[in-house]
Amino acid sequence: MNLEKILTQYTVKAVTSLYGVEPPENLLQVQETRKEFEGNFTIVVFPLLKISKQSPEATAEAIGEYLQANYPEVSRYNVIKGFLNLMIADAFWLGFMVETRFDDQYGYSVQSDKFSKMIEYSSPNTNKPLHLGHIRNNLLGYSLSKILAANGNRIVKVNLVNDRGIHICKSMLAWQKWGNGVTPESSGKKGDHLVGDYYVKFDIEYKKEIEQLMQQGMDKDEAARKAPLMQEAQEMLRRWEAKDPETVALWKMMNGWVYDGFGVTYKVLGVDFDRIYYESQTYLLGKEIVMDGLKRGIFYQKEDGSVWVDLTADGLDEKLLLRSDGTSVYMTQDIGTACQRFEEYDIDELIYVVGNEQNYHFQVLSLILDKLGYSWAKSLKHMSYGMVELPEGKMKSREGTVVDADDLMSEMTNIAYEMSQELGKLDGLSAEEIDKTIHTIGMGALKYFILKVDPKKTMLFDPKESIDFNGNTGPFIQYTHARIQSVLRKATESGIDIHAVVDTNITLNDKEVSLIQTIYNFPKTINDAAGTYSPALIANYVYELAKEYNQFYHDYSILKEENPAVRHFRILLSKHVAQVIRTSLDLLGIDSPDRM
RNA sequence: GGUCCCGUAGCUCAGCUGGAUAGAGCAACAGAUUUCUAAUCUGUCGGUCACAGGUUCGAAUCCUGUCGGGAUCACCA
């Protein structure tokens, strides 16, 4: 059981015994003591005053004395105003350090009854390469899946690739017109970037056409609709839907280039999927379900034949489900794919990692499925995250104001190389080791930079100021890990057995207690992160741990400590800190180097 | 206009199920290395927690309003 809960129970007993009234648990507030005060846990006694009928100080004093006298875990206490600060006995901390199994599963929950959760993330369009916004999505989705798995869930990671539609037709058309048969091989360009270039090319030419038409007196909307290029793109989409062999062949070829490109990006980013869905295979789903809902009177039809759902009673609007020509819209597909997934997989929850611009969409989706009577409708979850903005505002693909994912990642690696070189950290390493190290550090910096921010919030990325490697950063934490590994190597070299049994008959200093307490909090942190879908909690936690360790490292010797019992304990502590750092970073998808 | 989200130090962010004197990093300045990795550590400077009310013993945190920023309400996805 968790120490906070134990202290809560003890306090209940103390109050009952002292004042003859058993306090309801919600009156008890046990929290970690703030750094500037002495103690490990603090009981806030203000809510208990109505029971004690005494001053805050007297109440705190009485409870403190009772706890210290009756429970060996509580070694000392002090009272400041209405706050009772408790010191936990070294014996408890040492017992925790010696008895706990600090393997790579430390902190994980073991659920006897595993929940299965499907996480959909990434979900790119195939008409252009991935950018920084996709990086946030992928890192969040991947990290969340790891955190939920650590919290005792079975996880299925899926990606729904948007491989069809007008956008890819634009790239195809532009390539046909201006590509001269260029391929990734002939140009030496990554496939997704090559296809993206033609998407941009389409837009440029399209804009020219619109302008021309407007000069001929057409208004903007009409020009946008009637521009020959747009007409052609739409014609191409119709041919694709009619399965015209030539169009399908071109589509397959260009999507193939994109998948090769994405594969490389995903690999460098370090994310993966258990199952990839393609919208070309799912876009017709959902239609029958909607028609069935229409029959059952859940939806209604307008005169032109389009099908709608009325959500005004739920405080929302009316939503289109089928166009007047009978074709599906985005919502129709999502209804269909959700049903398909719950049929195909034995899952308890379906989590969509999608930007907060679609909050409304997912609210509506869940509501519609609920109206249709699916019992699992309420277990659809939207992990909504904020946009990544540049100093000048939102990124816009068509205007070229995007931070390209591949460029950014290689730039991070380059910076990692320069810094490592400058610091002389690469001396004596093979070329292969250098590559691996700088990749680990560069990606560590990028991933931590993204993941330390609360997912819900819009975050800012300034390309002019490169991502830091000092302070509250990924490399700082990685460095702490590498530093500990170095100490452990030195220990082994000098013949110290780092696995030796630790004598618990020693006194701990403040920094040591504080470190142990932080390690002790790890399981709770994972649990919180899983409950709130927030990798940021893990990131903030591991930063705190690394910072505390560095302070400890600075203030105390480990291998040069003369008392062998203390020395062994500090080695043990260091080892466990390294383990918790490694596990934490792993939950963020970040590697922990042994040297850097 | 309706709905939702956000506003904390010069900058980037923590803290938000109410608790102590609001915290980090960056930037600026000053220091620490004969000692286990200085990508580290220590210190100084920096705040009307957007504003105004309210609830409370206690509000950055909860409620109401105002201002400012963003998203969304498509026969786009």
Side-chain angles (χ1 to χ4, degrees), chain A residues 26 29 31 33-37 42 44-47 49 56 80-83 85 123 125 162 164-167 279 283 302 304-308 315-331 333-334 355-361 363-364 384 386-387 389 391 393-394 416 419-420 422-423 425 441 445 449 452-454 456-462 465 467-480 482-491 494 536-537 539-540 543-544 546-547 549-551 553-561 570-571 574 595-596:
Chain A
N26 62 16
Q29 292 181 36
Q31 50 197 238
T33 305
R34 294 180 58 141
K35 282 270 181 316
E36 60 266 36
F37 301 100
T42 295
V44 183
V45 301
F46 292 107
L49 300 185
I80 300 171
K81 294 196 244 174
F83 300 91
N85 300 320
S123 307
N125 291 353
N162 185 5
R164 62 163 286 280
I166 192 74
H167 48 83
E279 216 180 277
Y283 81 106
K302 286 192 179 171
D304 62 6
S306 56
V307 178
W308 297 72
L316 304 174
D317 301 290
E318 297 180 344
K319 189 81 189 172
L320 176 87
L321 298 176
L322 283 178
R323 294 191 187 99
S324 51
D325 64 6
T327 56
S328 303
V329 291
Y330 181 39
M331 187 60 77
Q333 297 172 41
D334 263 2
N356 61 12
E357 58 201 351
Q358 292 192 37
N359 284 355
Y360 182 74
H361 173 80
Q363 209 183 336
V364 170
S384 164
M387 300 290 103
E389 289 189 352
K394 234 186 135 176
M419 292 200 63
S420 302
E422 235 171 79
L423 292 165
K425 304 279 188 180
I441 297 169
F449 176 83
K452 76 170 172 178
V453 180
D454 182 345
K456 291 196 304 287
K457 293 197 175 176
T458 303
M459 64 176 291
L460 189 114
F461 175 77
D462 188 347
E465 293 175 28
I467 293 172
D468 257 307
F469 284 64
N470 300 320
N472 186 358
T473 66
F476 170 89
I477 297 158
Q478 291 174 317
Y479 173 77
T480 310
R483 189 180 228 189
I484 295 173
Q485 295 308 325
S486 171
V487 172
L488 297 178
R489 278 194 300 272
K490 288 249 157 65
S494 58
L537 296 184
N540 292 331
Y543 170 63
E544 195 58 39
K547 199 165 69 159
Y549 185 83
N550 282 324
Q551 289 166 1
Y553 181 92
H554 181 265
D555 291 352
Y556 300 97
S557 313
I558 300 166
L559 301 179
K560 295 200 170 71
E561 166 61 39
R570 288 182 183 163
I571 290 170
S574 300
R595 298 168 203 271
M596 66 182 273

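Everything numeric here is computed off the predicted structure, so don't read it as measured data. In what follows, every chain begins at residue 1, and chains take the letters A, B, ... in the order their sequences are listed.
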Test side chain to side chain donor-acceptor pair (under 3.5 Å) applied to [X] - qualifying residues, sequence neighbours left out:
{"X": "A/Glu561", "answer": "A/Arg570"}
{"X": "A/Gln485", "answer": "A/His481"}
{"X": "A/Ser574", "answer": "A/Tyr549"}

For a quick check of understanding: with a heavy-atom distance under 4.0 Å over all strands, which category does [X] fall into, base, sugar-phosphate or nothing?
{"X": "A/Leu49", "answer": "nothing"}
{"X": "A/Thr42", "answer": "base"}
{"X": "A/Tyr549", "answer": "nothing"}
{"X": "A/Ser420", "answer": "base"}

Partner set under salt bridge (charged side-chain N to carboxylate O under 4.0 Å, His left out) for [X], not counting sequence neighbours:
{"X": "A/Glu279", "result": "A/Arg164"}
{"X": "A/Lys394", "result": "A/Glu357"}
{"X": "A/Glu465", "result": "none"}
{"X": "A/Arg34", "result": "A/Glu36"}

**Message:** Both atom distances under 3.5 Å, Watson-Crick or G-U wobble: I'd like the secondary structure of RNA chain B as a dot-bracket string, with | for pairs made across strands.
**Reply:** (((((((..((((.....[...)))).(((((.......))))).....(((((..]....))))))))))))....
**Item:** Nearest-angstrom distance from the residue atom CD of A/Gln478 to P of B/rA39
**Value:** 14 Å
**Asked** Between A/Asn125 (CG) and B/rA77 (C1'), how many Å, whole number?
**Response** 7 Å
Whole-angstrom distance between [N] and [M], as gauged at atom [atom1]:
{"N": "B/rA27", "M": "B/rG46", "atom1": "C1'", "value": "11 Å"}
{"N": "B/rU8", "M": "B/rG31", "atom1": "P", "value": "34 Å"}
{"N": "B/rU61", "M": "B/rG18", "atom1": "P", "value": "12 Å"}
{"N": "B/rU42", "M": "B/rG25", "atom1": "C1'", "value": "16 Å"}
{"N": "B/rU66", "M": "B/rC76", "atom1": "P", "value": "36 Å"}
{"N": "B/rU34", "M": "B/rA38", "atom1": "P", "value": "12 Å"}

Proximity to the side chain of [X] - top-ranked nucleotide from [options]:
{"X": "A/Ser486", "options": "B/rC36, B/rU40, B/rU37", "result": "B/rU37"}
{"X": "A/Asp317", "options": "B/rU37, B/rC73, B/rA77", "result": "B/rC73"}
{"X": "A/Phe37", "options": "B/rC41, B/rU37, B/rA20", "result": "B/rA20"}
{"X": "A/Lys81", "options": "B/rA77, B/rU21, B/rU37", "result": "B/rU21"}
{"X": "A/Lys394", "options": "B/rU37, B/rC41, B/rA71", "result": "B/rA71"}

Hey, is the side chain of [X] poking within less than 4.0 Å of OP1 or OP2 on [N], counting only N and O atoms?
{"X": "A/Lys547", "N": "B/rU40", "value": "no"}
{"X": "A/Tyr479", "N": "B/rA39", "value": "yes"}
{"X": "A/Gln358", "N": "B/rU72", "value": "no"}
{"X": "A/Arg323", "N": "B/rA74", "value": "no"}

**Request:** Classify every nucleotide of nucleotides 9-19 of chain B by which part a protein heavy atom approaches to under 4.0 Å, writing B for the base, S for the sugar-phosphate alone and - for neither, in 5'-to-3' order.
**Result:** ---SSS-B--B
**Request:** Using a 4.0 Å heavy-atom cut-off, write out nucleotides 27-34 of chain B from 5' to 3' as B (base contacted by protein), S (sugar-phosphate only) or - (no contact).
**Result:** --------
**Item:** Upstream residue (5' side of RNA chain B) when A/Met596 and A/Leu316 are each assigned their closest nucleotide
**Value:** A/Leu316
**Complete:** Judged by nearest nucleotide, the residue sitting upstream toward the 5' end of RNA chain B, A/Glu389 or A/Tyr543, is A/Tyr543
**Request:** Tell me, please, which residues at least two apart from A/Phe461 pass ring-ring contact (aromatic ring centres under 6.0 Å, His included).
**Result:** A/Phe449
**Prompt:** What residues, two or more places apart in sequence or in another chain, satisfy ring-ring contact (aromatic ring centres under 6.0 Å, His included) together with A/Phe476?
**Reply:** A/Tyr543
**Asked** Considering only heavy atoms from C-beta outward, does the side chain of A/Leu321 approach that of A/Trp308 to under 4.5 Å?
**Response** no
**Request:** Would you state whether a donor and an acceptor, one from the side chain of A/Asn85 and one from the base of B/rA20, lie under 3.5 Å apart?
**Result:** yes
